[in-house]
Student: 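Mind having a look at this structure? Questions to follow.
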Amino acid sequence: MAELITVEDPDDPRLRDYTGLTDVELRRRREPAEGLFIAEGEKVIRRAKDAGYEMRSMMLSTKWVDAMRDVIDELPAPVYAVTPELAERVTGYHVHRGALASMQRKPLPTAAEVLAVTRRVVVMESVNDHTNIGAIFRSAAALGMDAVLLSPDCADPLYRRSVKVSMGAVFSVPYARLESWPRGLEEVRGAGFGLLALTPDEKAVTLDEAAPHRMDRVALMLGAEGDGLSARAMAAADTLVRIPMAHGVDSLNVGAAAAVAFYAVATGRPTP
């Protein structure tokens, strides 16, 4: 059973995992180095626990203690009960969901391990917006994509904002980082995947024409918001694909485009 500890000092060293959560650069450096990430909100915390992530501690507003009682009773990690005002002083923002947990990261699989057991893969290049990362993972989980591969410079899927936007989908979709870019795409092709690069370029074939749901193994490549895929990434692809647009719209937000494309890739896929 976890120990319930009331904390009244925002500088208490036991709360160190939760300090400065709004300092993005600090957290980007610190969290992977220390092997932790932050889960926010009851549903996300429960999904992280159910996915097998070890809990280091929880920090709860007092009113959330009863709602999380079954988790508290089940786990050995300490639970720090704080006022909303103290939580805000520690984290740097109003913790309106009232529940935070510091979780231990797991070792990431290699790209080869992911590719060996999947057939529908998302490949992201230079996607650094945490909201977009979270939205793409959530759509990937909902629409039947098997895994995500990240270029070396993509943002951290376990950063608090990404986890929150994905509603915990980052815990259910396997992911790995490619060691080099775009050379890592050769590993994807070597595993039998066709590389489809999503672009608004009118010279690209439509997703209907490409019929990715009929392909045995598909890797759908997505670029960052605004810039899209680099010229090197597009040159490495087998086929450029696009979503047909109406009413003079030339492109979609990468999160919205990803959801449309995932549906086209996964619809009608053969039963494993």
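What's counted below: heavy atoms across the whole structure, side chains too, no hydrogens, waters or symmetry copies. For the single chain, residues carry numbers from 1 onward in sequence order.
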Student: Side-chain heavy atoms under 4.5 angstrom apart, residues restricted to Ile, Leu, Val, Met, Phe, Trp, Tyr: same cluster for Met103 and Val90?
Tutor: no
Student: Cut-off 3.5 Å, side chains only: do Asp17 and Ser102 have a donor facing an acceptor?
Tutor: yes
Student: Decide if atom NZ of Lys63 counts as having more than 12 heavy atoms of other residues, nucleotides or ligands within a radius under 6.0 Å.
Tutor: no
Student: Looking only at side chains, do Ser57 and Arg14 share a donor and an acceptor under 3.5 Å apart?
Tutor: no
Student: Atom CG of Leu252 and atom CE of Met245: how far apart are they, to the nearest 0.5 Å?
Tutor: 3.5 Å
Student: Rounded to the nearest 0.5 Å, what separation is found between the CG atom of Asn128 and the CE atom of Met124?
Tutor: 11.0 Å
Student: Does Arg105 come within less than 4.0 Å of Asp156, counting only side-chain N to carboxylate O?
Tutor: yes
Student: I'd like to know if Glu186 pairs up with Arg189 as an ion pair, taking the criterion as any Lys NZ or Arg NE/NH1/NH2 lying under 4.0 Å from an Asp or Glu carboxylate oxygen.
Tutor: yes
Student: Rounded to the nearest 0.5 Å, what separation is found between the CG atom of Leu36 and the CD1 atom of Ile38?
Tutor: 5.5 Å
Student: Looking at Glu187 and Ala112, would you say the former's side chain and the latter's main chain have a donor-acceptor pair under 3.5 Å?
Tutor: yes
Student: In Å, rounded to the nearest 0.5 Å, how long is the span from OG1 of Thr91 to OH of Tyr18?
Tutor: 11.5 Å
Student: Within a radius of less than 6.0 Å around CD of Glu209, do more than 12 heavy atoms belonging to other residues, nucleotides or ligands occur?
Tutor: yes
Student: Can you get from Met55 to Leu4 by hopping between Ile, Leu, Val, Met, Phe, Trp and Tyr side chains that sit under 4.5 Å apart?
Tutor: yes
Student: I'd like to know if Glu34 and Arg16 make a salt bridge, using a cut-off of under 4.0 Å between side-chain N and carboxylate O.
Tutor: yes
Student: Cluster partners of Leu195, using ILVMFWY side-chain heavy atoms under 4.5 angstrom, listed by chain and number?
Tutor: Val114, Leu115, Val121, Val123, Leu149, Leu178, Trp181, Leu185, Val188, Phe193, Met221, Leu229, Met234, Leu240
Student: Salt bridge or not for Arg46 and Asp70, using N-O below 4.0 Å?
Tutor: yes
Student: I need the minimum non-hydrogen distance between Ser172 and Pro174, along with the two atoms involved.
Tutor: O-CD, 3.6 Å
Student: Got a second to check how far Arg120's CZ is from Leu220's CG, nearest 0.5 Å?
Tutor: 11.0 Å
Student: Would Asp153 and Ser151 count as a side chain to side chain donor-acceptor pair (under 3.5 Å) here? Give the steps.
Tutor: CA-CA 6 Å; Asp153 57 348; Ser151 69; 2.6 Å; yes
Student: Is there a side-chain contact between Val71 and Lys49 in this structure, where contact means two heavy atoms from C-beta onward sitting under 4.5 Å apart?
Tutor: yes
Student: How far does OG1 of Thr19 sit from CZ of Arg89, to the nearest 0.5 angstrom?
Tutor: 13.5 Å
Student: Give a yes or no on this: more than 12 heavy atoms of other residues, nucleotides or ligands lie within 6.0 Å of atom CD of Gln104.
Tutor: yes
Student: Under a 4.5 Å cut-off applied to non-hydrogen side-chain atoms, are Val44 and Lys164 in contact?
Tutor: no
Student: Does the cation-pi check pass for Arg160 over Tyr93, that is, NZ or CZ under 6.0 Å from the six-membered ring centre and within 45° of its axis?
Tutor: yes
Student: Mind checking who shares a hydrophobic cluster with Val165, ILVMFWY linked at side-chain heavy-atom distances under 4.5 Å?
Tutor: none
Student: Please list, chain by chain and in numerical order, all residues satisfying side-chain hydrogen bond (donor to acceptor under 3.5 Å, both in side chains) with Ser61, sequence neighbours excluded.
Tutor: none
Student: Please check this pair: side chain of Asp146 against backbone of Arg119, looking for a donor-acceptor N/O pair closer than 3.5 Å.
Tutor: yes
Student: According to the interplanar angle, ranging from 0 to 90°, do the rings of Tyr53 and Phe37 count as parallel (below 30°), tilted (30 to 60°) or perpendicular (above 60°)?
Tutor: perpendicular
